[in-house]
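The structure appears below as structure tokens.
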2 protein chains.
Amino acid sequence: MEKQTITIYDVAREANVSMATVSRVVNGNPNVKPTTRKKVLEVIDRLDYRPNAVARGLASKKTTTVGVIVPDVTNLYFSSLARGIDDIATMYKYNIILANSDQNDQKEIQVLNTLLAKQVDGIIYMGHKITDEMRAEFSRSKTPVVLAGTVDPDAQVGSVNIDYTEATEQVITQLIAKGNKKISFVSGALTEPINGIYRMNGYKKALKKAGINFDEKLVFETEYSYQAGEEMYNKLAKVGATAAFVGDDELAIGILNGALDHGIKIPEKFEVVTSNNSKLTEMVRPRLSTITQPLYDIGAVSMRLLTKLMNKEEVEEKTIILPHNIADRGTTKK
Amino acid sequence: MEKQTITIYDVAREANVSMATVSRVVNGNPNVKPTTRKKVLEVIDRLDYRPNAVARGLASKKTTTVGVIVPDVTNLYFSSLARGIDDIATMYKYNIILANSDQNDQKEIQVLNTLLAKQVDGIIYMGHKITDEMRAEFSRSKTPVVLAGTVDPDAQVGSVNIDYTEATEQVITQLIAKGNKKISFVSGALTEPINGIYRMNGYKKALKKAGINFDEKLVFETEYSYQAGEEMYNKLAKVGATAAFVGDDELAIGILNGALDHGIKIPEKFEVVTSNNSKLTEMVRPRLSTITQPLYDIGAVSMRLLTKLMNKEEVEEKTIILPHNIADRGTTKK
DNA sequence: ATGAAAGCGCTAACAG
DNA sequence: CTGTTAGCGCTTTCAT
């Protein structure tokens, strides 16, 4: 025979009080006489009663769970953000439903819909690009949304990022100061605003300031993968680049190793700066110079912002920019 | 004014059918006349009706979500498993509630309880060690549990792993064949069965077969981190080890870089073999030799097993061992 | 401080 | 093939 699930009703009966009272003590409502509270608590303990969050969710219209959409958790950039998100979520008593989207448009919409169907109280979205359809869904639903480490020029929703333009400009400026004239720009698709708009603008600004002409041949779009990076080095060599600014750490490591495997001296003959400062950057030799982003914090702050939004608190600014820096390590000249 | 959520009842009214019929078409029940199905579907579309999964969960006692407990998602070993889990979960229409435990006993219990309160249909646990309390909770609850990449000698629950003992034995045997006499065993706590029992047994077996005495001084327990590895190299040098078998990739990379930073030639002067074959192993130079585990598959198979358990299907064997191999790469002699 | 009662939105017999 | 009717377990007014 199935073990009977014990409900709030059982507790009420055993404690000689009403369901309402049990509900009150479970929810920490102060309007309960200490004696009855004690009595109820004791019965709860004795019966090993565990509130059913689903029933509670249906009645209260709050699930205390938030949806997290991520391209791929095995990417350290995203898993670092996810970690920050989960920690703050836990702190505020939320749980996370984590869904990998593979940045696939269909899957994203699909995932968003099941998340909404599951009545999540809020959503954190990470990705490289927001399709029109997603944007439409975001604004159509009254569920709060925060973009973490993800930019959207037309975003009506909250977001947490660093200033990619400025960071990129600084990197390029430093590279130019070290004597580089041909600095490649390697990133994912330029149709992604973070690449095509923000980083690219920073790149061009630095070039312009230094009086260097923008050369399209130095710009490479590719996928975010180690493999793509390894193959990329040849192309960089072919166009005569002496340095590369790279938008993703795994990609950068691919390029670094590609160069190394060709016997190129790093940083003497080729410099590379990456963008995410994931822990990978410190695990390779030479250590990768990089823009330092507070990855964990971006996630944490995103979740914190989301809690405010879910709580309908007033937020002064829902487009948050966190500080960044540049770490000069082994892949750039001293 | 709040936008009124539209329910199954609204659809029923608009379509001139009963809630039951709407429910049937929503759930793909074949017992609906094509005409009415069409009519209902049209109303659903027009009203933009979206079934409430929480209400459904309460009524059906199934949430189609599973809990996933993991020490830390930013660890590539675990995120790789998690990725496999999520993909199969999606395939079977489940969602994943992901919770980081930091391998903290208290937090684990805490997390397990909220997962259970949220009525997850099943749980996948990853970790280094299962405390008595967790084991007790697992057997007390009727919610199916599967351990992924996690061993528990007394496990009553499902599990998916490789044969750690055999794999370790093979590694050590190969290392011995290459002339090493002093091979260090570096892992996390030996109180964790995977280290203290399985891997250690493999280590000792290989030694014994080769007639080499077990030397406690060659065994090192440490935490799973890159940093710990970097610091570990000195100790290895001190005891005169010429090779190391390492239980974790980040740890192994730390050791590798520690040696490299000391100017040690790898693999000529020191060999290292790691255990998890995460993508990190191919990103360092020289590439790390490793036991190859099908990480993604361990996750995928775990989730598949869990679906069967949740479905109360008959499973021949719930302790699954997946095949492994040894990849001889740059950190071992040819 | 406590109880009664009406839902929350849906599924699942059961009946027809 | 379709409708009726109970719940699922809890929160939340509204009384008292």
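These values consider heavy atoms only, across backbone and side chains, with no hydrogens, waters or symmetry-generated copies. Numbered from 1 within each chain, the chains take letters A, B, ... in sequence-line order.
A side-chain donor-acceptor contact under 3.5 Å links A:Thr64 and B:Lys118.
A donor-acceptor pair under 3.5 Å is formed between the side chain of B:Thr63 and the backbone N or O of B:Gln119. Between the side chain of A:Asn113 and the backbone N or O of A:Ile109 there is at least one donor-acceptor pair closer than 3.5 Å. Although no hydrogens or angles enter the test, the distance criterion places a donor-acceptor pair under 3.5 Å between the side chain of B:Arg135 and the main chain of B:Ile130. B:Asn100 places no side-chain N or O within 3.5 Å of a backbone atom of B:Asp102 that could act as its donor or acceptor partner. A donor-acceptor contact shorter than 3.5 Å is absent between the side chain of A:Asp121 and the backbone of A:Val66.
An end-to-end axis angle of 30° holds for the helix from C:dA1-D:dT16 to C:dG16-D:dC1, taken from five base pairs per end and rounded to 10°.
Listed by chain and number, the residues in a side-chain hydrogen bond (donor to acceptor under 3.5 Å, both in side chains) with A:Ser23 are A:Asn27 (sequence neighbours excluded). Scanning for ring pair (Phe, Tyr, Trp, His ring centres under 6.0 Å) contacts around B:Tyr49 gives an empty result, with sequence neighbours left out.
Of the residues in residues 16-29 of chain A, A:Asn16, A:Val17, A:Ser18, A:Ala20, A:Thr21, A:Arg24 come within less than 4.0 Å of DNA chain C through at least one heavy atom, sorted by number. Of the residues in residues 56-67 of chain A, those lying under 4.0 Å from DNA chain C by heavy-atom distance are A:Leu58, A:Ala59, A:Lys61.
Contact footprint of chain B on DNA chain D: nucleotides with an atom under 4.0 Å from a non-hydrogen protein atom, first to last in 5' to 3' order, D:dC1 to D:dG9.
By the 4.5 Å heavy-atom criterion applied to side chains, B:Tyr224 and B:Tyr77 are not counted as neighbours. No side-chain heavy atom of A:Arg83 sits less than 4.5 Å from a side-chain heavy atom of A:Leu295. Inter-residue side-chain proximity for B:Val26 and B:Ile44 is flagged as met; some heavy-atom pair is nearer than 4.5 Å.
Taken to the nearest 0.5 Å, the CE atom of A:Met126 stands 11.0 Å off from the CD1 atom of A:Ile298.
Spacing between atom CD of B:Gln119 and atom P of C:dC10 amounts to 19 Å, rounded to whole angstrom units. Rounded to whole angstrom, the span from the CG atom of B:Leu47 across to the P atom of C:dG9 amounts to 14 Å. The interatomic distance linking B:Tyr9 (OH) with C:dT11 (C1') rounds to 17 Å, in whole Å.
Between C:dC10 and B:Tyr49, a contact under 4.0 Å exists linking OP1 or OP2 to a side-chain N or O.
Pairing each heavy atom of B:Leu305 with each of B:Ile320, the nearest pair is CD2-CD1, 4.2 Å.
Using a 4.0 Å heavy-atom distance criterion, B:Asn52 is classed as a sugar-phosphate-only contact.
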